[in-house]
Amino acid sequence: MSNDFPTETPAVVTCGLPYANGDLHVGHLRTYVGGDAFARALETLGQETAYVSGSDMHGTPVAVNAEQEGVEPEDFALEWHDQYEETFPKFNVEFDNYGHTHDETNTELTQEIVRTLDEEGYVYEKEIQVAYDPDADQYLPDRYVEGTCPYCGEKARGDECDEGCQRHLEPGEVEDPRSTITGNDAEYRERAHKFFAVSEFADYLTEFLDGLEGTSNARNQPRQWIEDGLQDWCITRDMDWGIDYPGEGGEDLVLYVWVDAPIEYIASTKQYTERVGRDEYDWEQVWKDEGEIVHIIGRDIIQHHTIFWPAMLEGAGYNAPRAVAATGFITINGKGLSTSRNRAIWAKEYLEEGFHPDLLRYYLTTTGGLQQDVDFSWDAFQEKVNGELVGTVGNFWYRSLLFAYRNYEGTPDTDVSEDVQERIEGAIGQTREAVNDYDLRELGRAATQLAQFGNEYIQRNEPWKLTDDEPERAAQVIRDCVQIAKAVGVLLEPIAPDKAQALWEQLGEDGAVADAHLEDALEAPPRNFDEPGELFEKIEDDRVDELNEKLAERVAAASDDEDDGADAETESDDTAADEAGSMADTDDLEPLADERIEFEDFQDVDIRVGRIESAEGIEGADDLARLEVDIGFETRQVVAGIKQLHDLEELPGEKCILLANMAKAELFGVESNGMILAAGEEADLLTTHGDAEVGEKVR
RNA sequence: AGCGGGAUGGGAUAGCCAGGAGAUUCCGGCGGGCUCAUAACCCGCAGAUCGGUAGUUCAAAUCUACCUCCCGCUACCA
């Protein structure tokens with residue numbers, strides 16, 4: 001789009017709604033901080049911008065969890081909503097409006113939009129099979145039901161095949177349905193539901209994606225869906241919790257959560273207008289007339305924002321989004337973030353450790369590209385903070401301002417040199433480009449590289465040597481440095497607003513650096529300012545060790561809990577089995593096979609003598625071990641479920657029996673090329689007791 | 001099975017969409033400088049078959065095809 005930011009028309013930046021169902025962690029923060037930084041950067045460019053979001057209150061998980069806690073869904077969700085609203089400002093994530101999907105604005109707007117879609121002929125009614133629990137006398141939407149995936153045959157939830165092919169499942173698709181509430185077998189009943197004719201938008205969406213800005217994954221991923229043929233979308237559910245379906249024939253239906261959730265973007269903007277006035281910001285102009293809509297989301301909800309949502313907007317006569325920027329996930333120490341295993345850095349925890357929010361903001365926005373998955377570790381965090389924020393930015397700020405203060409009581413009374421002026425202009429250009437590329441890392445780099453230039457500049461010119469003999473040149477150098485310091489502050493504000501503001505105040509500037517525009521980076525700072533202080537503090541090694549230990553302990557404790565839980569469930573069985581095993585009670589043995597096979601059949605099986613070369617556990621798997629087995633001709637990598645049953649260190653050197661022509665398989669991402677033979681629950685390894693050589697066939 | 005992301009000097013990353021002298025930045029190593037500054041900062045050096053193979057091209061890290069390996073989501077059954 002040639003229509004670069006800043007545009008004549010106002011912009012709205014949104015970020016994916018946090019689902020009111022659990023604590024916030026760094027994975028969430030990456031999206032909200034990213035959106036916040038982007039919105040701030042737009043404003044620095046002089047773009048009229050609103051940054052809005054809200055809590056996602058509806059849907060079955062909230063209803064289910066509320067039920068388990070014995071509270072009303074609304075109260076349950078509101079509690080989380082309140083917590084989110086409190087937490088965001090602590091990370092300097094400042095929404096112009098933060099609402100929730102259950103409030104009046106969103107409820108009304110959602111119903112209005114659905115009504116419009118209906119009137120425009122995009123909504124139709126269809127009888128579908130809905131799972132129904134006859135004992136509990138209720139219908140079972142989405143995750144209230146589980147069963148078998150019709151596509152791959154795996155166990156699946158009502159709304160998606162979570163364990164198998166990952167397909168999104170429409171209501172009525174799951175086979176062998178069972179109620180998750182009662183565990184009862186469910187039956188399918190005919191039930192009239194409302195459908196949104198997404199399929200009619202295929203051509204529109206293809207064109208829409210061609211012009212969509214943001215990250216490439218958001219543009220490419222949905223194309224596959226369109227090529228495969230779009231399915232119409234069931235937009236109603238048999239539930240109490242949600243927004244009532246507004247049209248005829250759906251009196252006891254509520255809207256599917258993904259209908260009203262994105263509409264909160266509009267509703268939240270509307271609330272903002274209602275608060276500040278239409279002259280200040282006009283939500284209708286942005287959403288209906290002309291405006292720049294930018295969605296910052298996690299990469300797990302791309303389809304909703306690039307298929308369903310733009311189709312809804314188009315069908316209801318609203319503007320299409322200009323950009324969808326989808327962030328990658330966060331891993332912790334190289335492993336997947338797991339809330340159930342407590343392998344996560346929680347928002348609350350980070351704050352309790354006493355770290356400044358801007359440090360995490362900087363880390364999350366400048367480590368890796370926006371759509372890249374990013375690893376978080378306290379070591380990397382320390383390295384980035386100490387190296388870039390303390391060493392480069394903080395140090396430059398401090399040495400420049402301190403020198404200026406001591407020798408000139410502020411900004412030396414002279415003009416900025418041409419070279420430095422140009423260098424700052426270059427950084428401004430770099431920033432402008434970064435924003436238009438939705439590249440937050442580059443945004444940060446524009447600032448830190450300028451600070452680095454400042455360090456080189458002061459070093460090269462050595463003003464401390466000039467003050468006596470060449471006072472004018474010294475003043476010039478410091479004048480330049482103070483200007484660079486100020487420019488770095490303006491450029492860094494979107495990412496580290498608090499620290500930038502602190503610098504602003506040290507420079508004796510009035511007002512807020514957040515209100516400054518890029519051009520202000522070239523305006524002279526006040527003539528006088530007070531003695532500056534250090535704005536960034538080093539993180540010591542001891543501190544990092546401590547944090548790593550805490551994290552490790554926590555993760556260990558969580559997996560212990562899990563094991564305990566599992567043990568508790570099966571403990572009696574295990575004990576019984578152990579005793580039975582030693583007594584070889586035939587009642588516990590698998591019955592002998594009745595069917596006989598021919599010798600030819602046995603010939604199909606290629607069993608060899610092997611020697612285990614190495615054995616190591618597989619990360620993340622409790623039982624699986626990766627073995628390298630020498631079978632004479634070659635060494636095979638085999639995955640075996642023996643990790644907990646054997647001392648892996650003792651295995652290398654042991655002979656074993658290996659089924660060599662077993663089909664290859666991949667377990668936990670590790671290829672298994674063969675199968676080790678073992679007996680019984682304890683996986684007692686089969687071996688030879690004579691001098692059979694490695695590679696010899698067993699017959 | 002599947003889907004997505006990745007493979008670039010010791011480690012971590014950029015560049016790839018819009019091909020053009022074998023490449024960015026950070027950390028680490030080695031050597032030097034400076035002392036205004038938070039043992040900080042500045043300069044220099046070492047180090048790479050840009051995962052593999054084939055192809056398109058005058059030219060490929062960059063495009064195409066295939067392959068190998070890694071990581072995440074799902075799976076503990078080999």
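Throughout, a chain's letter reflects where its sequence line sits, starting with A, and its residues are numbered from 1.
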[N] to [M] separation - [atom1] atoms, rounded to the nearest Å:
N      : M      : atom1 : value
A12(B) : C3(B)  : C1'   : 27 Å
C41(B) : C16(B) : C1'   : 34 Å
G28(B) : U13(B) : C1'   : 14 Å
C63(B) : C77(B) : P     : 42 Å
A7(B)  : C17(B) : P     : 14 Å
A48(B) : G52(B) : P     : 15 Å
U64(B) : A75(B) : C1'   : 34 Å
A46(B) : G9(B)  : C1'   : 10 Å

To the side chain of [X], which of [options] is closest?
X         : options                : result
Glu456(A) : U35(B), C36(B), C42(B) : C42(B)
Gln459(A) : U38(B), C43(B), G33(B) : G33(B)
Asn455(A) : C26(B), C41(B), A14(B) : C41(B)
Phe329(A) : U38(B), C42(B), G72(B) : G72(B)
Arg441(A) : U38(B), U13(B), U25(B) : U13(B)
Phe536(A) : C36(B), U38(B), C26(B) : U38(B)

Nearest-nucleotide 5' precedence on RNA chain B, Gln452(A) against Thr331(A) | Gln452(A)

Is the closest basic N to carboxylate O distance between Glu540(A) and Arg543(A) below 4.0 Å?
->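 No, Glu540(A) and Arg543(A) are not salt-bridged.
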
Asp4(A) and Arg432(A) ion-paired at < 4.0 Å |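 The answer is no: the pair does not qualify as a salt bridge.
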
Whole angstrom value for the distance that separates [atom2] of [N] from [atom1] of [X]:
X         : N      : atom1 : atom2 : result
Glu409(A) : C36(B) : CD    : C1'   : 17 Å
Glu383(A) : C26(B) : CD    : P     : 11 Å
Leu212(A) : C17(B) : CG    : C1'   : 15 Å
Lys465(A) : C34(B) : NZ    : C1'   : 7 Å
Gln449(A) : U13(B) : CD    : P     : 19 Å
Leu389(A) : C27(B) : CG    : C1'   : 15 Å
Asp373(A) : C70(B) : CG    : C1'   : 13 Å
Asn395(A) : A39(B) : CG    : C1'   : 12 Å

Pi-cation contact, Phe376(A) with Arg30(A) (under 6.0 Å, within 45°) |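 The answer is no; the distance or angle limit is not met.
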
Compute the ring centroids of Tyr405(A) and Phe529(A), then answer whether they are less than 6.0 Å apart.
-> no

Look at all strands and tell whether [X] reaches a base, only sugar-phosphate, or nothing, counting heavy atoms closer than 4.0 Å.
X         : value
Gly394(A) : base
Gln372(A) : sugar-phosphate
Leu535(A) : base

Go through Leu551(A) and Ile332(A) one step at a time and tell me if the side-chain contact (heavy atoms from CB on, under 4.5 Å) criterion holds.
-> CA-CA 10 Å; Leu551(A) 179 60; Ile332(A) 305 292; 3.7 Å; yes

For the pair Phe308(A) and His304(A), name the ring-plane relationship: parallel under 30°, tilted 30 to 60°, perpendicular over 60°.
-> tilted

Do the rings of Tyr438(A) and Phe38(A) sit parallel, tilted or perpendicular, given the 30° and 60° boundaries?
->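 Parallel: the ring planes of Tyr438(A) and Phe38(A) meet at under 30°.
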
Grab the stems for RNA chain B, please: at least three consecutive Watson-Crick or wobble pairs, both distances below 3.5 Å, written as range with range.
->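 So far as stems of 3 or more pairs are concerned, RNA chain B shows B:2-7 with B:68-73, B:10-12 with B:25-27, B:29-33 with B:41-45, B:51-55 with B:63-67.
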
Less than 4.5 Å apart, any side-chain heavy atom of Ile631(A) and any of Val609(A)?
->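 Side chain of Ile631(A) against side chain of Val609(A), heavy atoms only: no contact under 4.5 Å found.
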
At under 4.0 Å, does any side-chain N or O of Arg399(A) touch on OP1 or OP2 of U38(B)?
->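 For U38(B), OP1/OP2 do not have a side-chain N/O of Arg399(A) under 4.0 Å.
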
Ring centroids of Trp464(A) and C36(B) base under 5.5 Å with planes under 30° | yes

Salt bridge (charged side-chain N to carboxylate O under 4.0 Å, His left out) evaluation trace for Asp498(A) with Arg361(A) | CA-CA 11 Å; Asp498(A) 220 45; Arg361(A) 288 177 64 102; over 6 Å; no

